[in-house]
Amino acid sequence: MTGRFKGAPMAAHARIPDIRPTHFGCWLHLFQQTAIEICPPEAAALFIAKSEMIAQSLQFGIAASRVELPAASAADRSVKLSDGARRDVR
């Protein structure tokens with residue numbers, strides 16, 4: 001949030017030809033475990049929620065760049081929150 005990061009994560013991830021949603025799921029799981037271990041609960045929850053939004057954004061961007069966007073179902077229009085609840089993102 002400092003504005004110091006100047007990378008291009010979308011381009012970096014889109015260049016990986018075999019990247020799939022399962023990779024993001026593994027990363028999110030490891031990130032969540034680590035955040036819970038090293039951060040106070042409120043901070044961990046914020047970091048986890050942000051990581052889930054970033055992962056979803058990257059996956060949508062990659063799918064769009066590959067013209068792989070499926071028809072949106074109700075499940076596709078929602079995100080899973082760190083407490084297990086789902087939120088509609090229409």
Side-chain angles (χ1 to χ4, degrees):
M1 301 299 288
T2 66
R4 293 183 303 177
F5 179 75
K6 302 295 183 206
M10 182 63 70
H13 286 80
R15 281 193 299 264
I16 303 169
D18 296 330
I19 197 166
R20 297 287 175 246
T22 53
H23 296 109
F24 288 94
C26 291
W27 177 81
L28 285 169
H29 176 74
L30 292 170
F31 186 90
Q32 182 177 9
Q33 285 182 318
T34 302
I36 290 168
E37 287 177 19
I38 65 174
C39 299
E42 287 184 16
L46 290 172
F47 293 142
I48 291 166
K50 185 70 171 177
S51 71
E52 291 169 346
M53 288 186 284
I54 291 168
Q56 185 174 33
S57 176
L58 287 169
Q59 289 179 79
F60 282 146
I62 290 166
S65 73
R66 296 177 182 172
V67 194
E68 295 176 354
L69 290 177
S73 68
D76 294 332
R77 291 188 305 264
S78 67
V79 293
K80 184 177 177 187
L81 304 176
S82 57
D83 64 0
R86 295 197 73 81
R87 180 176 61 201
D88 196 353
V89 293
R90 279 188 264 182

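Scope of the values below: all heavy atoms of this structure, side chains included, with no hydrogens, waters or symmetry mates. Computed from a prediction, not measured in an experiment: that's the story for all the values here.
Side-chain heavy atoms closer than 4.5 Å link hydrophobic residues (I, L, V, M, F, W, Y) into clusters, and following such links, possibly through other members, connects I16 to I54. The cluster map of Ile, Leu, Val, Met, Phe, Trp and Tyr, joined by side-chain heavy atoms under 4.5 Å apart, puts F60 and I19 in different clusters.
When every heavy atom of I62 is checked against every heavy atom of S65, the shortest pair comes out as O-OG, 2.8 Å.
The side-chain heavy atoms of I36 and I48, taken from C-beta on, include a pair separated by under 4.5 Å.
Every pair tested for side-chain hydrogen bond (donor to acceptor under 3.5 Å, both in side chains) that includes a residue from residues 15-25 fails, sequence neighbours excluded, so the list is empty.
The only option from H13, E52, H29, Q56 that meets the side-chain contact (heavy atoms from CB on, under 4.5 Å) definition with F24 turns out to be H13.
For F31, the CZ atom is densely surrounded, since the number of other residues' heavy atoms within 6.0 Å is greater than 12.
To the nearest 0.5 Å, the span separating CD on Q32 from CD on E37 amounts to 11.0 Å.
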